[in-house]
Amino acid sequence: MISDNKLIYNMENVRRGLPITADIFLTNYCNNRCGYCAYGRWKELQTEPRYMRAADFEKYMYKLLDLGVKGMILTGGGEPTVNPDFTQIVKTLESNGVNYGINTNFNRYCYMEPVFAKISVDAWNSESYKAVRGVDSFEAVVENVRRYRRELKQAGAKTQLVVQCVGKSWMESEEFWTFWKSEDVDKIVIRPVESTAGEYYNQPDNEKERKLIMSYLANIKDERLVLNYKFGAVRRRFPSCVANSTQIAINERGEVMYCCHKPYEIVGHVMDEDILEKKQEYFTNIAKCDVPCRLTAPNEMMLKMADVPNDWMFI
């Protein structure tokens, strides 16, 4: 779960400039066709289908742990569960006691016990699912969620089961919550649109809907409903990404990307001995970054930490 305060639990890595979380792209292809997909909008990524093999994953996993990584997110790129080696990859993580999460559309059922399973649904019926995600799989996803909850309970697993929607309008957000509130899930998350330089919310109609979403959802009394903090940070930009050191993102070939939002910028390979140095020295055009992004809050916190007041010793 993305939140705005997790750096405080990882201050040793922050101090040493070590990554906390690794995003691992298991594939570069998907079984959905979402119009908002960040990875579908870059022509640089339009190439032949590829996936990370289990043997390579195991090597990369150990290297990431050596680099200081505390948690790994199976994501994409593409849809992680369609990787032919997915089951073996999960077994590798779980047999080694690695904390991991997954971002998935869950069109393909698979049992696993991550810390969290975040399911991107964006819909409340078959029609809305097909309109947003380009395939007619809503009923299959709902049944997979129900089956997964049953099997998690049977196993006594503590996985946090999350469903998520990209909130473009307050009415769609309300429809999403109305359907999923009756399902046995732990969190119902609404997140904002992430776009290059925040251009999406420069459109007056989109900005109006953002405000309506924040106002409407604030009045819903449901502890499971989470309005992603980034709704309040759609204008927040930074001169540089000082928090980039806190995450490391690798694609299906083991190449290290500048970040998960810039998969077309390759800084080296995870197995390079000096990969953290390469990552630190890499220059990116911050004006081309997505706003908001998952590092909005970490950047905010690290800038505050760097701006030490003269009376810091008085609490």
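Not measured: the values here are computed from a predicted model.
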*Asks:* Nearest heavy-atom pair of Ala233 and Pro292: which atoms, and what distance?
*Replies:* O-CB, 3.7 Å

*Asks:* Would a 4.5 Å heavy-atom cut-off, applied to side chains only, mark Asn228 and Pro192 as touching?
*Replies:*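 Heavy-atom side-chain distance check passes, below 4.5 Å.
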
*Asks:* Would you compute the distance between atom CG of Leu74 and atom CG of Leu26 and round it to the nearest 0.5 angstrom?
*Replies:*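 Nearest 0.5 Å value for the CG-CG distance: 5.0 Å.
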
*Asks:* Does either side chain, that of Ser128 or that of Glu175, offer a donor lying less than 3.5 Å from an acceptor on the other one?
*Replies:* no

*Asks:* Considering all heavy atoms of both residues, which atom of Tyr201 and which atom of Gly167 are nearest to each other, and what is their separation?
*Replies:* OH-O, 4.1 Å

*Asks:* Measure the spacing between CE of Met52 and CZ of Arg253 and express it to the nearest 0.5 Å.
*Replies:*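 Met52 atom CE to Arg253 atom CZ measures 11.0 Å (nearest 0.5 Å).
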
*Asks:* For the atom pair CE (Met72) and CG (Asn99), what is the distance rounded to the nearest 0.5 Å?
*Replies:* 9.5 Å

*Asks:* Using a 4.5 Å cut-off on heavy atoms from C-beta on, say whether the side chain of Asn244 contacts that of Thr284.
*Replies:*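 Of all side-chain heavy-atom pairs linking Asn244 with Thr284, none is under 4.5 Å.
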
*Asks:* For the atom pair NE2 (His261) and CG (Asp23), what is the distance rounded to the nearest 0.5 Å?
*Replies:*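 The NE2 atom of His261 sits 8.5 Å away from the CG atom of Asp23.
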
*Asks:* Whether Arg224 and Glu183 form a salt bridge (side-chain N of Lys/Arg under 4.0 Å from carboxylate O of Asp/Glu) is what I want to check.
*Replies:* no

*Asks:* Answer yes if Val291 and Leu227 sit in the same cluster of Ile, Leu, Val, Met, Phe, Trp and Tyr residues linked by side chain heavy atoms under 4.5 Å apart, and no otherwise.
*Replies:*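 No: no chain of side-chain contacts under 4.5 Å links Val291 to Leu227.
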
*Asks:* Taking a hydrophobic cluster as the set of Ile, Leu, Val, Met, Phe, Trp and Tyr residues connected by side-chain heavy atoms closer than 4.5 Å, whether directly or through intermediates, do Leu303 and Trp312 fall within one such cluster?
*Replies:* no

*Asks:* Is Lys63 salt-bridged to Asp66, going by a charged N under 4.0 Å from an acidic O?
*Replies:*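 No salt bridge links Lys63 with Asp66.
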
*Asks:* Shared ILVMFWY cluster between Leu65 and Ile248, side chains joined below 4.5 angstrom?
*Replies:*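 Looking at the clustering, Ile248 is in the same group as Leu65.
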
*Asks:* Salt bridge check: are Arg147 and Glu143 linked by an N-O gap of less than 4.0 Å?
*Replies:* no

*Asks:* Take a 6.0 Å sphere around CD of Glu199 and say whether it holds more than 12 heavy atoms from other residues, nucleotides or ligands.
*Replies:* yes

*Asks:* Would you call Arg149 and Asp186 a salt bridge, taking side-chain N to carboxylate O under 4.0 Å as the test?
*Replies:* yes

*Asks:* Side chains of Ile190 and Trp177, heavy atoms from C-beta outward: is any pair under 4.5 Å?
*Replies:* no

*Asks:* Shortest non-hydrogen contact from Lys181 to Asp222?
*Replies:* CB-OD2, 4.1 Å

*Asks:* Tell me whether Tyr109 at atom OH has more than 12 heavy atoms from other residues, nucleotides or ligands lying less than 6.0 Å away.
*Replies:* yes

*Asks:* May I ask whether Val308 and Met305 are part of the same hydrophobic cluster, defined by side-chain heavy atoms of I, L, V, M, F, W, Y residues being less than 4.5 angstrom apart, directly or through others?
*Replies:* no

*Asks:* Is the side chain of Asn251 donor-acceptor paired with the backbone N or O of Phe25 at a distance under 3.5 Å, no angle test?
*Replies:* no

*Asks:* Over all heavy atoms of both residues, which pair between Tyr258 and Lys279 is shortest? Give the atoms and the distance, please.
*Replies:* O-CE, 4.0 Å

*Asks:* Below 30° counts as parallel, above 60° as perpendicular, anything between as tilted: where do the rings of Trp180 and Phe138 land?
*Replies:* perpendicular

*Asks:* Test your reading of the model: is there a side-chain donor-acceptor pair from Ser215 to the backbone of Lys211, 3.5 Å cut-off?
*Replies:* no

*Asks:* Can you give me the closest heavy-atom contact between Cys259 and Ala249, atom names plus distance?
*Replies:*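 Distance-wise, the nearest heavy atoms are C-CB, 4.0 Å.
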
*Asks:* For Lys208 and Asp205, what are the C-alpha separation, side-chain angles and deciding distance, and is it a salt bridge (Lys or Arg N to Asp or Glu O under 4.0 Å)?
*Replies:* CA-CA 5 Å; Lys208 177 182 177 181; Asp205 287 346; over 6 Å; no

*Asks:* Begin from the C-alpha positions of Phe283 and Val267 and carry the test side chain to side chain contact (heavy atoms under 4.5 Å, CB included) through to its verdict.
*Replies:* CA-CA 9 Å; Phe283 172 80; Val267 306; over 6 Å; no

*Asks:* Counting only heavy atoms not in Gln280, do more than 12 sit closer than 6.0 Å to its CD atom?
*Replies:*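 For Gln280, atom CD is not crowded (no more than 12 foreign heavy atoms under 6.0 Å).
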
*Asks:* Checking the side chain of Thr159 only, and the main-chain atoms of Pro114 only, is there a donor and an acceptor separated by less than 3.5 Å?
*Replies:* yes

*Asks:* Would you check if the side chain of Ser137 reaches a backbone N or O of Ala140 as a donor-acceptor pair within less than 3.5 Å?
*Replies:* no

*Asks:* How about Met271: does its CE atom have over 12 heavy atoms from other parts shown lying under 6.0 Å from it?
*Replies:*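 Check passes, neighbour count above 12.
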
*Asks:* What verdict does the side chain to side chain contact (heavy atoms under 4.5 Å, CB included) test give for Asn206 and Val193, after you've listed the backbone C-alpha separation in whole Å, the side-chain angles of each residue and the deciding distance to 0.1 Å?
*Replies:* CA-CA 10 Å; Asn206 297 336; Val193 175; over 6 Å; no

*Asks:* Closer than 3.5 angstrom, by distance alone: can the side chain of Lys262 be matched with the main-chain N or O of Asn285 as a donor-acceptor pair?
*Replies:* yes

*Asks:* Do Val82 and Tyr51 make a side-chain contact, defined as non-hydrogen atoms from C-beta onward lying under 4.5 Å apart?
*Replies:*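 They are not in contact (no side-chain heavy atoms under 4.5 Å apart), so the answer is no.
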
*Asks:* Look at the rings of Tyr148 and Tyr111 and say which category their plane angle falls in: under 30° parallel, 30 to 60° tilted, over 60° perpendicular.
*Replies:* perpendicular

*Asks:* Treating Gln164 as the side-chain partner and Lys118 as the backbone partner, does any N or O pair qualify as donor plus acceptor under 3.5 Å?
*Replies:* no

*Asks:* State the CD1-CG distance between Ile250 and Asp56, to the nearest 0.5 angstrom.
*Replies:*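 One finds 9.5 Å between CD1 of Ile250 and CG of Asp56.
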
*Asks:* For Arg133 and Asn107, what are the C-alpha separation, side-chain angles and deciding distance, and is it a side chain to side chain contact (heavy atoms under 4.5 Å, CB included)?
*Replies:* CA-CA 11 Å; Arg133 308 192 70 86; Asn107 285 196; 5.8 Å; no

*Asks:* Are the ring centres of Phe176 and Phe179 closer than 6.0 Å?
*Replies:*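 Ring centroids of Phe176 and Phe179 are no less than 6.0 Å from each other.
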
*Asks:* Using atom types as modelled and distance alone, determine if a side-chain donor or acceptor of Arg191 lies under 3.5 Å from a backbone N or O of Lys230.
*Replies:* no

*Asks:* Output yes when a side-chain donor or acceptor of Asp272 lies under 3.5 Å from a complementary backbone atom of His269, and no otherwise.
*Replies:*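 At least one qualifying donor-acceptor pair exists.
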
*Asks:* Can Leu295 and Cys241 be said to form a side chain to side chain contact (heavy atoms under 4.5 Å, CB included), step by step?
*Replies:* CA-CA 8 Å; Leu295 293 182; Cys241 187; 3.8 Å; yes

*Asks:* Give the cluster check for Leu7 versus Val115: same hydrophobic cluster or not, with ILVMFWY residues linked at side-chain heavy-atom distances below 4.5 Å.
*Replies:* no

*Asks:* Could you check whether any side-chain heavy atom of Thr296 comes within less than 4.5 Å of a side-chain heavy atom of Tyr229, counting everything from C-beta outward?
*Replies:*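 Thr296 reaches Tyr229 side chain to side chain.
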
*Asks:* Measuring from Ile188:CD1 to Leu161:CG, what's the distance to the nearest 0.5 Å?
*Replies:* 10.5 Å

*Asks:* Say whether Asn105 and Asn31, considering side chains only, have a donor N or O and an acceptor N or O under 3.5 Å apart.
*Replies:*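 There is such a pair between these side chains.
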
*Asks:* Please examine the side chains of Met61 and Leu93, heavy atoms only from C-beta on, and report whether any two atoms are closer than 4.5 Å.
*Replies:*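 Side chain of Leu93 against side chain of Met61, heavy atoms only: contact under 4.5 Å found.
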
*Asks:* Determine yes or no for a side-chain-to-main-chain donor-acceptor pair under 3.5 angstrom, with Arg210 supplying the side chain and Phe231 the backbone.
*Replies:*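 A pair under 3.5 Å: yes.
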
*Asks:* Counting only N and O atoms by type, is there a donor-acceptor contact under 3.5 Å from the side chain of Glu209 to the main-chain atoms of Trp170?
*Replies:* yes

*Asks:* Verify the neighbour count for atom NZ of Lys130: are there more than 12 heavy atoms of other residues, nucleotides or ligands below 6.0 Å?
*Replies:*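 At most 12 heavy atoms, drawn from other residues, nucleotides or ligands, come within 6.0 Å of this atom.
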
*Asks:* Decide whether Glu139 and Tyr129 meet the rule of one side-chain donor and one side-chain acceptor closer than 3.5 Å.
*Replies:* no

*Asks:* With the side chain counted from C-beta on, respond yes when Val98 and Val69 share a heavy-atom pair under 4.5 Å apart, and no when they do not.
*Replies:*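 Not touching, per the 4.5 Å side-chain cut-off.
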
*Asks:* Tell me the closest heavy-atom pair linking Asn202 and Ala197, and the distance in Å.
*Replies:*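 For Asn202 versus Ala197, the nearest heavy atoms are ND2-O, 4.5 Å.
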
*Asks:* Under 4.5 Å between any side-chain heavy atoms of Gln88 and Phe57, yes or no?
*Replies:*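 A side-chain contact is absent here, since even the closest heavy-atom pair is not under 4.5 Å.
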
